[in-house]
> 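First, the structure itself, so that you have it in front of you.
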Protein chains: 2
Amino acid sequence: MGTTPSTDTEPLRADSARVRARMLQAARKRVADGDLELPMNAVAKAAGVGVGTVYRHFPTRQALLEALAAERYTLLVAEAEQAAAGPDVAAEVARLLRAALEHQRCDPALAAVLAEPDAARQETRDLGQALAAAVDRLLERARAAGEIRPDITVDDLRALVCGLQHAVTVSGDATDDRYLAILLRGLRA
Amino acid sequence: MGTTPSTDTEPLRADSARVRARMLQAARKRVADGDLELPMNAVAKAAGVGVGTVYRHFPTRQALLEALAAERYTLLVAEAEQAAAGPDVAAEVARLLRAALEHQRCDPALAAVLAEPDAARQETRDLGQALAAAVDRLLERARAAGEIRPDITVDDLRALVCGLQHAVTVSGDATDDRYLAILLRGLRA
DNA sequence: ACCTGAACACCGTTCAAGT
DNA sequence: ACCTGAACACCGTTCAAGT
């Protein structure tokens with residue numbers, strides 16, 4: 001993995017950065033149009049680059065998805081950190097789950113990334129760790145306050161939120177709030 | 001839809017039935033091997049028939065999936081009808097949801113079919129209607145007994161069970177029972 | 001170094017030709 | 001009637017050749 005620029009630890013050369021931005025833009029457009037498939041050939045053509053270039057920057061469809069999701073993932077981590085520090089634990093749990101649902105709804109790529117346990121990019125692993133740390137702090141407080149079932153782990157919460165998102169998708173009617181209320185009630189100690 | 005034999009209302013000619021069975025067997029093998037993609041060409045080759053024959057019997061990947069899921073779907077409907085008639089409403093709701101989870105876990109094709117609102121085959125629509133009718137009777141009783149949130153509809157329950165199944169899948173650990181308990185608690189009036 | 005795009009394998013889908 | 005499989009378009013992935 002030493003030759004791929006996809007981890008963007010180094011400031012890409014200007015032309016490379018431009019090309020990369022074009023690919024991400026093309027991919028984002030596809031996702032926005034409701035196509036999570038992200039065919040590499042199609043992305044390449046839409047971005048006006050050769051297929052090999054797409055593969056060089058994103059060795060995997062998963063890597064491309066993660067790059068797309070990174071921005072919203074970062075927002076979610078920030079909200080988790082706020083929630084972990086917020087005053088009213090129960091309210092913070094509710095706020096965070098609602099935010100997670102909302103972010104997944106706005107960015108299907110994020111929903112896919114959260115549901116996939118093995119991240120392809122280092123950046124995604126870092127985000128996942130930061131998220132887990134913040135949620136763990138929140139859970140600890142919630143447990144101490146007797147506000148949540150003591151057996152719930154960070155990973156349970158991740159799975160349950162992904163499931164809730166799926167439930168909202170399956171039901172045509174956008175009834176996030178009711179389903180969220182059901183989950184919150186079910187999580188109570 | 002007048003020329004397709006896929007609705008099996010008429011007793012297929014013997015050779016046609018044989019060919020059909022071979023295709024279903026090949027498809028089932030793929031699903032059992034964890035591949036829900038069901039490439040028509042691959043199914044055809046595995047079944048030793050021409051691609052056109054697969055398309056004739058199953059005009060769509062969705063139709064093929066539904067044919068695969070029909071058997072377990074039928075079992076699920078039977079359990080729903082038992083549950084609707086059972087003595088202890090709360091226990092029947094729990095039993096039914098547990099059964100739905102279990103059937104989805106055993107047959108990924110069923111999970112896909114339950115999550116898809118628009119059925120491709122008439123048989124699937126019939127099963128869906130029978131299931132909805134039974135679940136509705138159960139819900140009516142549960143509401144009357146004050147055992148469930150009164151706003152929960154049959155479609156909510158379908159979505160929530162699909163979501164729960166997804167949560168179990170996302171979490172590597174097979175923790176169905178805990179997640180089921182959370183949902184049941186959340187559903188209480 | 002980085003990018004291009006031809007090349008090969010595979011899948012979706014149709015349809016003319018066989019029995 | 002039913003089945004076959006060639007045909008065409010498209011996508012995944014690699015890699016030799018260009019700059």
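Letters go in sequence order (proteins before strands), and every chain restarts at 1.
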> Relative to the 5' end of DNA chain D, which residue comes earlier, Gly52(A) or Arg30(A), by the nucleotide with the nearest heavy atom?
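Mapping each residue to its closest nucleotide by heavy atoms, the 5'-most match is Arg30(A).
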> Looking at Ser16(A), I'd like to know whether one of its side-chain N or O atoms comes within less than 4.0 Å of OP1 or OP2 on dC2(C).
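Answer is no, no contact under 4.0 Å.
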> Could I get the full list of side-chain contact (heavy atoms from CB on, under 4.5 Å) partners for Ala80(A), not counting sequence neighbours?
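Leu96(A), Leu131(A), Ala134(A), Val135(A).
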> Could you check how far CZ of Arg20(B) sits from P of dC3(D), rounded to whole Å?
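Rounded to the whole Å, the gap is 11 Å.
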> Provide, to the nearest angstrom, the distance between the CZ atom belonging to Arg18(B) and the C1' atom belonging to dC3(D).
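Atom CZ in Arg18(B) sits about 13 Å away from atom C1' in dC3(D).
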> What I'd like to find out is whether the side chain of Leu68(B) reaches to under 4.5 Å of the side chain of Leu38(B), using heavy atoms alone.
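They are in side-chain contact.
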> Between Val51(B) and Val49(A), which is nearer to the 5' end of DNA chain C once each is assigned its nearest nucleotide?
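With Val49(A) and Val51(B) compared, the 5'-side residue is Val49(A).
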> Is any side-chain heavy atom of Val19(B) closer than 4.5 Å to one of Arg22(B)?
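They are in side-chain contact.
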> If you check the Tyr55(A) side chain, which of dT13(D), dT13(C), dC3(D) turns out closest?
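For Tyr55(A), the side-chain atoms sit closest to dT13(D).
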> I'd like to know if the side chain of Thr60(A) and the backbone of Gln62(A) have a donor-acceptor N/O pair within less than 3.5 Å.
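No, because the side chain of Thr60(A) does not come within donor-acceptor range (under 3.5 Å) of the backbone of Gln62(A).
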> I need the CZ-P distance between Arg56(B) and dG12(C), as an integer number of Å.
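Roughly 20 Å, once rounded to whole Å.
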> Among residues 31-46 of chain B, which residues get a heavy atom nearer than 4.0 Å to DNA chain C?
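Hits under 4.0 Å, by residue number: Pro39(B), Met40(B), Asn41(B).
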> Has His57(A) got a side-chain N or O lying under 4.0 Å from the OP1 or OP2 atom of dC3(C)?
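Yes, within the criterion.
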> Dot-bracket notation for DNA chain D is requested: 5' to 3', Watson-Crick or G-U wobble pairs only, both distances under 3.5 Å, with ( ), [ ], | and . as defined.
||.|||||...|||||.||
> Write down the distance separating the C1' atoms in dC10(D) and dG5(C), rounded off to the nearest Å.
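Straight-line distance between the two C1' atoms is 16 Å.
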> Please determine whether a side-chain nitrogen of the Lys or Arg among Arg30(A) and Asp33(A) lies less than 4.0 Å from a carboxylate oxygen of the Asp or Glu.
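Answer for the salt bridge query: no.
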> Between Arg98(B) and Asp177(B), is the closest basic N to carboxylate O distance under 4.0 Å?
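A salt bridge is present here (some side-chain N lies under 4.0 Å from a carboxylate O).
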> I'd like to know if Arg72(B) pairs up with Asp107(B) as an ion pair, taking the criterion as any Lys NZ or Arg NE/NH1/NH2 lying under 4.0 Å from an Asp or Glu carboxylate oxygen.
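Looking at Arg72(B) and Asp107(B), the cut-off is not met.
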> Look at Arg149(B) together with Asp156(B) and state whether they make a salt bridge at an N to O cut-off of under 4.0 Å.
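No salt bridge links Arg149(B) with Asp156(B).
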> Would the distance check show the side chain of Arg178(A) and the main-chain N or O of Asp151(B) forming a donor-acceptor pair, the cut-off being under 3.5 Å?
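At least one qualifying donor-acceptor pair exists.
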